[in-house]
Structure formats: structure tokens, C-alpha cells
Peer 1: 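There's a structure below that I have some questions on.
Residues: numbered from 1 along the sequence shown. Counting convention: from 1, in listed order, for ligands and their atoms alike.
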Amino acid sequence: MSSFKWHPNEPPPEIETHSKAKLDVLRRYIQEYFDRLNVNPHREEFKLDLVDGFAGGGTFRDGNTDLSGTPLLMLEEAEKAEKRLNEKRTKQLHINCKFYFIDKEEAHTDHLKKVLKERGYRVDEDRIVVRTGLFEDEIEGILRSIKQRQPRAGRAIFLLDQTGFAQVELPLVYRILNELAAAEVILTFAAETLVNHLATTPEIIKAVSPLQLTESQISDLIQYKEGTGGRALVQRTLRNHIRIVTGAEYDTPFFIRPRGSRRALWFLHLSRHPTARDVMIRLHWDIQNRFEHYGPGDFGMLGWDALRDSSSLPLFQFDDLDQTHMRNQLLDSLPGKLYSLVSEQPVTVDAMRHTFANQTAARFSDLDEVILQLVGEEEFQILDPEGKVRSRSLKRLNSTDRIDLHPIPLLPGFSRRR
Ligand SMILES: C[S@@+](CC[C@H](N)C(=O)[O-])C[C@H]1O[C@@H](n2cnc3c(N)ncnc32)[C@H](O)[C@@H]1O
């Protein structure tokens, strides 16, 4: 039986290792998301809409037990978050989520409805919506309903867990990010399979049309693949392409590779929010075992250079050793980038984080630490929002602080900024 086939009268499919890894990342991401966005102890209600556009049948077999698939996982984590966050609160927080589960196969949604019922969930239009249909046909109604429920915030997580690389129409992702102020999209993408199949045949051109790749772009990718840039360049180009077409400011790819296989799967987080991106990159650092990254840790790290020749590059795992390594690399490469960024005028810490976020595996806290070190060494100085210079031994940066060149006078009357 295929790993993604469900029928209400049959046991669920056996889970594969990389799907399990994917479920782990998603679960941890949702946990972190709730915790990070609910630090305010006075908040009484937190509204979030969760959309699983390629929901599947709800459970998997894992040896002798049943394991929750993505729709159940979303429900479970919302409930757990409410309990966890209320443990220490005097004022109770109500987590008010609405769930949309879509799958094109009736047998899959039937299986899903069955397991939801077994676990005591009521499928209705109020809180849990299950639809049989194509995500692309359902999206209009879902966006409308989210806007009605959350006219201001538009806070939503869309999981688009396709099989392969071309079931999700990327313009739809653009629409989601554009129409909902605080939406984010998690897209799975079988990058390696796409790279393997690249060709300018009419079938492939048609097959990749949801990605908005033109015939000439496909030709370019094939040339890259065969040239010195190799698969790494193809992957980097694809990653940039997806970010541009979807209008996402931030993209954080997890790279899930079943052991001994080249069938790497991307678990791509797309958002327009630096906080959402930071939650995701923190997960990279927390989860060290199943997820492998190759390549140096400074800028360029998430560009997949590594696949060119992974054996000659150091294994980059997000552990303590590499953290030190990454900091050292950041100390080498950040000053130059920061000089160009602030050479015209001081920039806020927030803007600095925005600028560097997609280029490195560093968390905001890593970037801040490196900057504090450079401030200590009098390479840069920090101004508070009123323009007053902060002490060079300061311990923490505020997002509204501004980073400026250190005004070492070269000759009286001259400064480094021209
Ligand atoms: C990878 S499986 C989902 C697994 C599920 N997210 C989990 O891990 O529990 C992909 C699902 O998407 C469904 N699907 C494929 N194309 C679709 C489309 N255009 N709209 C909605 N569902 C689709 C398939 O029927 C399949 O059940």
C-alpha cells in the first residue's frame, strides 16, 4: 500500500522515516509558535486558524501503534498549548482555533472523519471543517472565512503537504501571504525529484506550470545542473524562485533526507514575519538528529552548496560545536556586510535582522551576540532611539536600537562616513 493511501475500512498506511521527521518538525513548530506568541500574561484570547490543505487520512501505522498525522497533530497541540500556557497564569488564556482539513480523495476524508469521531472531535462548520475537494478550489472560501473570523489579525498557518513538487500552485501561496496579514505557509517540496526530472519536454513543462517556471528557466536549470554549479546551484535557484513567486520575505528550509537516499525533501517555511522565521530557525538548532545540513555556517549556509560535494564539506549539524564554529564565521563575515548596511546611516537592530535573516542559519540571538562583540571591540556603536550612544559593555540589544559605525575620527573633522 502506498504510504499516503487511506480507506475508512482499512488500517492506515505505515509511516516512512522522513514523514515521521516531518511530523516532528511540525509538532515542535506549532508548540513554539503558541509559546512565543503568547508571552503577554494579560492576553485573554489567542485566535489562530490552522489550514491543512493536503490533510490525508489522519493517522499512520507506526509498528504496533497508531500515530497522529498532521490534522490530529494540529488539534492536539492547540489543546496542549492552552493547558501549558495556563499553568502559570492567573488570568486564563483562551486559545480559540479554527481548523480546516482538505483532501481531494473522499476515502481519505472519510478515514479522517472516522478517526476524528473516535477521538471525540465534532466535525462542524464552527471549529473543525473537513472538505473533500481540491485545495485550489477551496482556498477562496477559506480565505473569506478567516477574514470574517479575524478581520484584523488574519493569523493563520497553512500546511501544504503535497506529495511531489507540483501539486501546490505557487500563486496561491502568494495570495495567502498577501491577503492575510499574519499568515505563514509550510510547504513540502520534493526538490531532488524535481531536479532529477528536469527536462524541456512538453510533459515536464506542463507538470511544473504550478511552479511558474518558464521553458527558458527550465533550460537554465538544466544547464546549471550539468555545469560546475551542479545540483547545488539548481537548488539555490529554485529556492530563490519560490521565495520570489510567493512574495515571502523569509524562507527557512528544513532539509529532510532519508538515510542513504538522495531523495531529499524540503520542508519550506514561508512568511513575511521575522518572528515566525526566528521560531523556525530556532527549531533547526534544537533538532539535531534527523536533519542534516552541509556547508559552512555563515552566510550562504542555507544555499545548499553542500550537495555539490558533500563529502569534502564539513557536516553542519546544529550542535554546540558548530554553534561556536558558526559564531567565528559570522565574526569574519558580518562586519563587512554590516559596514555596507550602515555606511549611509544607522540602521535599527530590527532592520539588520530582517536583512540577514534569509542568508544565515543564525538565530537573532546569535546575530545580536556577534554585534555586541563587535561593539565591545569598537567596530560599531549602538544608539538608543533618541540617538544617545549606549555603553559599549551593554549586554542586550533592543530591536529599536540603532547600529552605527564607530566614529573613530581619522583626521580632525573627518569621520568614516562620507
Ligand atoms: C503527503 S499526503 C498528506 C499527509 C498528511 N499531511 C500527514 O502527514 O498526515 C498528501 C495528500 O494530499 C492529497 N492531495 C493531493 N493533491 C491535492 C489537491 N490538489 N488538493 C487537496 N488534496 C490533495 C492526497 O490525496 C494526499 O492525501
Peer 1: Atoms of ligand 1 less than 4.0 Å from Gly56 heavy atoms?
Peer 2: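 Answer, ordered by atom number: 27 (O).
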Peer 1: If you count the atoms of ligand 1 from 1 in the order shown, which ones are under 4.0 Å from a heavy atom of Thr163?
Peer 2: 1 (C), 10 (C)
Peer 1: If you measure from each heavy atom of Gly58 to ligand 1, is any distance below 4.0 Å?
Peer 2: no
Peer 1: Would Arg144 and Glu179 pass as an ion pair if we require N to O under 4.0 Å?
Peer 2: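 Glu179 and Arg144: not salt-bridged.
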Peer 1: Under a 4.0 angstrom heavy-atom cut-off, which atoms of ligand 1 come close to Gly133?
Peer 2: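 In order of numbering, the contacting atoms are 20 (N), 21 (C).
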Peer 1: Which of the atoms of ligand 1 are close to Phe4, meaning less than 4.0 Å from one of its heavy atoms?
Peer 2: 1 (C), 2 (S)
Peer 1: Could a heavy atom of Ala55 be found less than 4.0 Å from some atom of ligand 1?
Peer 2: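 Heavy atoms of Ala55 do come under 4.0 Å of ligand 1.
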Peer 1: Among protein heavy atoms, which lies nearest atom 18 (C) of ligand 1, and at what distance?
Peer 2: Phe54 CE2, 3.5 Å
Peer 1: Relative to the heavy atoms of Gly53, which atoms of ligand 1 are at a distance of less than 4.0 Å?
Peer 2: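 Going through ligand 1 atom by atom, the ones under 4.0 Å from Gly53 are 21 (C), 22 (N).
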Peer 1: When the ring planes of Tyr250 and His354 are compared, do they come out parallel, tilted or perpendicular, using 30° and 60° as the limits?
Peer 2: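 The arrangement is tilted - the two ring planes meet at 30° to 60°.
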Peer 1: How far apart are the closest heavy atoms of Arg243 and Thr246, and which atoms are they?
Peer 2: O-OG1, 3.3 Å
Peer 1: Give the residue and atom name of whichever protein heavy atom lies nearest to atom 1 (C) of ligand 1, and the separation in Å to one decimal.
Peer 2: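 Here the nearest protein heavy atom works out to Asp161 O, 3.4 Å.
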Peer 1: Starting from atom 26 (C) of ligand 1, find the nearest protein heavy-atom neighbour and note its residue, name and distance.
Peer 2: Asp103 OD2, 3.4 Å
Peer 1: What protein heavy atom lies closest to atom 19 (N) of ligand 1? Include the residue and the distance to one decimal.
Peer 2: Glu136 OE1, 3.1 Å
Peer 1: Is it true that Arg363 and Asp366 make a salt bridge, defined as a side-chain N closer than 4.0 Å to a carboxylate O?
Peer 2: yes
Peer 1: For Asp49, run the side-chain hydrogen bond (donor to acceptor under 3.5 Å, both in side chains) check against Arg155, Arg149, Lys98 and tell me which one passes.
Peer 2: Arg149
Peer 1: With a cut-off of 6.0 Å (strictly less than), are more than 12 heavy atoms of other residues, nucleotides or ligands near CD of Glu106?
Peer 2: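 No, because the 6.0 Å sphere around CD of Glu106 holds 12 heavy atoms or fewer from other groups.
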Peer 1: Could you tell me if any non-hydrogen atom of Gly57 lies under 4.0 Å from any atom of ligand 1?
Peer 2: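 For ligand 1, residue contact (heavy atoms, under 4.0 Å) with Gly57 is absent.
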Peer 1: Can you pull out the closest protein heavy atom to atom 22 (N) of ligand 1? Residue, atom name and distance to 0.1 Å, please.
Peer 2: Lys104 N, 3.2 Å
Peer 1: Using 30° and 60° as the class limits, which term best fits the ring planes of His111 and Trp6: parallel, tilted or perpendicular?
Peer 2: tilted
Peer 1: Going by the atom numbers of ligand 1, which of them fall below 4.0 Å from some non-hydrogen atom of Leu134?
Peer 2: 18 (C), 19 (N), 20 (N)
Peer 1: I'd like to know whether Glu10 forms a salt bridge (Lys or Arg N to Asp or Glu O under 4.0 Å) with Lys5, so could you lay out the CA-CA distance, the side-chain angles of the two residues, the decisive distance to 0.1 Å, and finally the verdict.
Peer 2: CA-CA 10 Å; Glu10 288 170 23; Lys5 278 266 166 256; over 6 Å; no
Peer 1: Using a 3.5 Å cut-off on N or O atoms only, is His108 in polar contact with ligand 1?
Peer 2: yes
Peer 1: With a cut-off of 6.0 Å (strictly less than), are more than 12 heavy atoms of other residues, nucleotides or ligands near NE2 of His241?
Peer 2: yes
Peer 1: Just to confirm my output: which protein heavy-atom neighbour is closest to atom 20 (N) of ligand 1, and how far is it?
Peer 2: Phe135 N, 2.9 Å
Peer 1: Report the relative orientation of the aromatic rings in His269 and Tyr29; use parallel for angles under 30°, tilted for 30 to 60°, perpendicular for over 60°.
Peer 2: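 Rings of His269 and Tyr29: tilted, as their planes differ by 30° to 60°.
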Peer 1: Just one of Leu270, Leu213, Leu211, Leu160 clears the side-chain contact (heavy atoms from CB on, under 4.5 Å) bar with Leu170, so which one?
Peer 2: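 Considering Leu270, Leu213, Leu211, Leu160, a side-chain contact (heavy atoms from CB on, under 4.5 Å) with Leu170 is found only for Leu211.
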Peer 1: Counting from 1, what ligand 1 atoms have a heavy atom of Gly69 closer than 4.0 Å?
Peer 2: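 Near Gly69, the atoms of ligand 1 are 9 (O).
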Peer 1: Report, in ascending order of atom number, the atoms of ligand 1 lying under 4.0 Å from any heavy atom of Glu105.
Peer 2: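 This gives 25 (O) as the contact atoms.
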Peer 1: Check whether more than 12 heavy atoms from other residues, nucleotides or ligands sit under 6.0 Å from atom OH of Tyr174, and answer yes or no.
Peer 2: no
Peer 1: Could you find the nearest protein heavy atom to atom 9 (O) of ligand 1 and give me its residue, atom name and distance?
Peer 2: Thr70 N, 2.9 Å
